[in-house]
Protein chains: 2
Amino acid sequence: MKAEAEEKFREFLKNGKNRITPERFEVLNAALDYQGHFGADDLYIAMKKMNSSVSRATVYNTVELLEQCQIISKRNFGDNMNRYESCFGKMNHEHLVCTTCGKIIEFSTPRLEAIIEEVCRQNGFEMTNYTFNIFGKCSDKNCSKKDE
Amino acid sequence: MKAEAEEKFREFLKNGKNRITPERFEVLNAALDYQGHFGADDLYIAMKKMNSSVSRATVYNTVELLEQCQIISKRNFGDNMNRYESCFGKMNHEHLVCTTCGKIIEFSTPRLEAIIEEVCRQNGFEMTNYTFNIFGKCSDKNCSKKDE
DNA sequence: ATTGCTGCAAAACGTTTGCACCTAT
DNA sequence: ATAGGTGCAAACGTTTTGCAGCAAT
């Protein structure tokens, strides 16, 4: 699983004339290990805690490469920071975001793909990615303020 | 048109025990006048240019109230800043965002509403708002780098 | 009279950049 | 050898905050 992702990333780097460095693979591993959604800085901090010496600049840089390589995907939860999540080997899915307790429910629907395909065709638009989030209040009885 | 928005805002403020101040209506007017999408700071700068003396803090504060009041809506175009656009008296619509030239194409589809309604019902979720953006490359032949 | 709002400036926050050194090719 | 990557710290742009004074209720 991890080995496949590494292989994919290695190929991607090679094809793009990007150098293959140990730091980049450290970031890849940390990203795959991270549970849930993370900001680039969260990842940097997590790596620091594991005594990694990879710099913030490199984490930010690598996370962008991983996104291009489609090993992780970028999400927008409306809080002015880039969030990522590993999407390697996973199905496309969208998010219900509870604005009270921060809970995130995932869902997927093939009908959305159809809409996207049609809209792009109608507008001569070539999609690279999209974001779809529904914000609101979840059904949890003790749903209350706290962060992610 | 503007008068209606003012009335709606006034009611909203009153019901929420928020004070009715001239500054807030200055911001409302500037937001309604603004062509296209704007960040809170863009609005502040535009108001400065019109010799308004409303402060940055007040603009940020008021823009949030206008969003709650559903006179403007918040958009996320993945560039780490809150964008707004007047939605008073307008139909819901989504965005195709060209990541090369920054062009924004609007579209709307009732089928999306149906999906949202269904997903929320299935998950016992009470929606307040949602974001749906498709990123990619537009069909413009001379589409090239520049900002919004 | 009492809160809440305002303006200002400073701080916070995630992110990007400049630069000297290093290393994969 | 040489481009490209790295680490560090400083800069950046947007947003938030603290606080003293002001104004809507």
Side-chain angles (χ1 to χ4, degrees), chain A residues 6 9-28 30 34 37-48 50-69 72 74-84 147-148, chain B residues 6 9-28 30-31 37-48 50-69 72 74-84 102 145 147-148:
Chain A
E6 278 186 27
F9 191 35
R10 190 183 308 277
E11 277 311 306
F12 169 83
L13 290 174
K14 203 177 291 179
N15 294 339
K17 316 256 178 276
N18 291 298
R19 288 192 180 158
I20 289 162
T21 68
E23 288 87 352
R24 286 178 171 169
F25 285 90
E26 264 193 75
V27 176
L28 166 62
Y34 207 107
H37 304 87
F38 56 91
D41 225 70
D42 297 330
L43 193 57
Y44 169 69
I45 290 162
M47 290 176 73
K48 270 278 107 88
M50 308 285 252
N51 294 309
S52 168
S53 57
V54 175
S55 73
R56 179 174 264 119
T58 298
V59 173
Y60 274 83
N61 162 11
T62 306
V63 144
E64 216 159 276
L65 293 170
L66 287 171
E67 195 211 342
Q68 286 167 30
C69 182
I72 64 178
K74 198 194 278 189
R75 305 290 185 177
N76 271 124
F77 295 141
D79 54 355
N80 292 323
M81 65 181 283
N82 290 324
R83 304 289 195 139
Y84 299 89
D147 336 67
E148 153 117 341
Chain B
E6 279 187 27
F9 192 34
R10 191 182 307 277
E11 278 311 305
F12 170 83
L13 291 175
K14 203 177 291 179
N15 294 338
K17 315 256 179 276
N18 292 298
R19 286 189 182 161
I20 289 163
T21 69
E23 288 86 352
R24 287 178 169 168
F25 286 90
E26 263 192 76
V27 176
L28 167 62
H37 304 87
F38 56 91
D41 225 68
D42 298 330
L43 193 58
Y44 168 69
I45 290 162
M47 290 176 73
K48 270 277 106 90
M50 308 286 251
N51 293 310
S52 168
S53 58
V54 176
S55 74
R56 180 174 262 120
T58 299
V59 173
Y60 274 83
N61 161 11
T62 306
V63 144
E64 215 159 276
L65 292 170
L66 288 171
E67 195 211 342
Q68 286 169 30
C69 182
I72 64 178
K74 198 193 280 189
R75 306 290 184 179
N76 271 124
F77 295 142
D79 55 354
N80 293 321
M81 66 181 281
N82 290 326
R83 303 288 196 141
Y84 299 90
K145 268 267 130 37
D147 337 65
E148 152 118 341

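Chain letters run A, B, ... following the sequence lines, proteins first and then strands; every chain starts at 1. What you see below is based on every heavy atom in this structure, not just the backbone, and it leaves out hydrogens, waters and symmetry mates.
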Could you give the side-chain donor-acceptor pairs of residues 9-25 of chain A under 3.5 Å, partners two or more places apart or in another chain?
| unit_1 | atom_1 | unit_2 | atom_2 | d |
| --- | --- | --- | --- | --- |
| A:Asn15 | ND2 | A:Glu11 | O | 3.3 |
| A:Thr21 | OG1 | A:Arg24 | N | 3.3 |
| A:Arg24 | NH1 | A:Arg19 | O | 2.8 |

What bend angle does the helix from C:dA1-D:dT25 to C:dT25-D:dA1 show across its length, from five-pair end axes and to the nearest 10 degrees?
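Here the helix ends are tilted 40° relative to one another.
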
Side chain to side chain donor-acceptor pair (under 3.5 Å) partners for A:Glu67, two or more places apart
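Listed in chain order: nothing, the list is empty.
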
So A:Leu28 and A:Thr62, do their side chains get closer than 4.5 Å, heavy atoms only?
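No, their side chains stay 4.5 Å or more apart.
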
What is the first contacted nucleotide of DNA chain C and what is the last, in 5' to 3' order, if contact means an atom lying under 4.0 angstrom from a heavy atom of chain A?
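Under 4.0 Å from chain A, the extent on DNA chain C is C:dG14 to C:dT25.
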
Correct closest heavy-atom pair for A:Ile72 and A:Val63 would be CD1-O, 3.5 Å

For B:Leu66 against B:Ala31, the heavy-atom pair lying closest together:
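Nearest pair, atom of B:Leu66 first, then B:Ala31: CD1-CB, 4.2 Å.
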
Working to the nearest 0.5 Å, report the span between NE2 of A:His37 and CZ of A:Arg75.
6.0 Å

List for me each residue that meets side-chain contact (heavy atoms from CB on, under 4.5 Å) alongside B:Asp79, sequence neighbours excluded, and say none if there are none.
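If we apply the side-chain contact (heavy atoms from CB on, under 4.5 Å) test to B:Asp79, skipping adjacent residues, the hits are B:Phe77, B:Met81, B:Arg83.
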
List in numerical order all residues of residues 13-21 of chain A for which some heavy atom is under 4.0 Å away from an atom belonging to DNA chain C.
A:Arg19, A:Ile20

Using a cutoff of under 3.5 Å, can you pull out all pairs of nitrogen or oxygen atoms linking the protein to nucleotides 14-16 of chain D, with atom names and distances?
| unit_1 | atom_1 | unit_2 | atom_2 | d |
| --- | --- | --- | --- | --- |
| D:dT15 | OP1 | B:Asn82 | N | 2.8 |
| D:dT15 | OP2 | B:Tyr60 | OH | 2.8 |

In whole angstroms, the gap separating P of D:dG4 from CZ of A:Arg24 amounts to 11 Å

Any A:Asn61 side-chain nitrogen or oxygen under 4.0 Å from OP1 or OP2 of D:dT6:
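It does, given that an N or O in the side chain of A:Asn61 lies less than 4.0 Å from OP1 or OP2 of D:dT6.
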
May I have the list of side-chain donor-acceptor pairs in residues 38-46 of chain B shorter than 3.5 Å, sequence neighbours left out?
| unit_1 | atom_1 | unit_2 | atom_2 | d |
| --- | --- | --- | --- | --- |
| B:Asp41 | OD1 | B:Arg56 | NE | 2.9 |
| B:Asp41 | OD1 | B:Tyr60 | OH | 2.9 |
| B:Asp41 | OD2 | B:Arg56 | NH2 | 3.1 |
| B:Asp42 | OD2 | B:Gly39 | N | 2.8 |
| B:Tyr44 | OH | B:Lys48 | NZ | 3.4 |

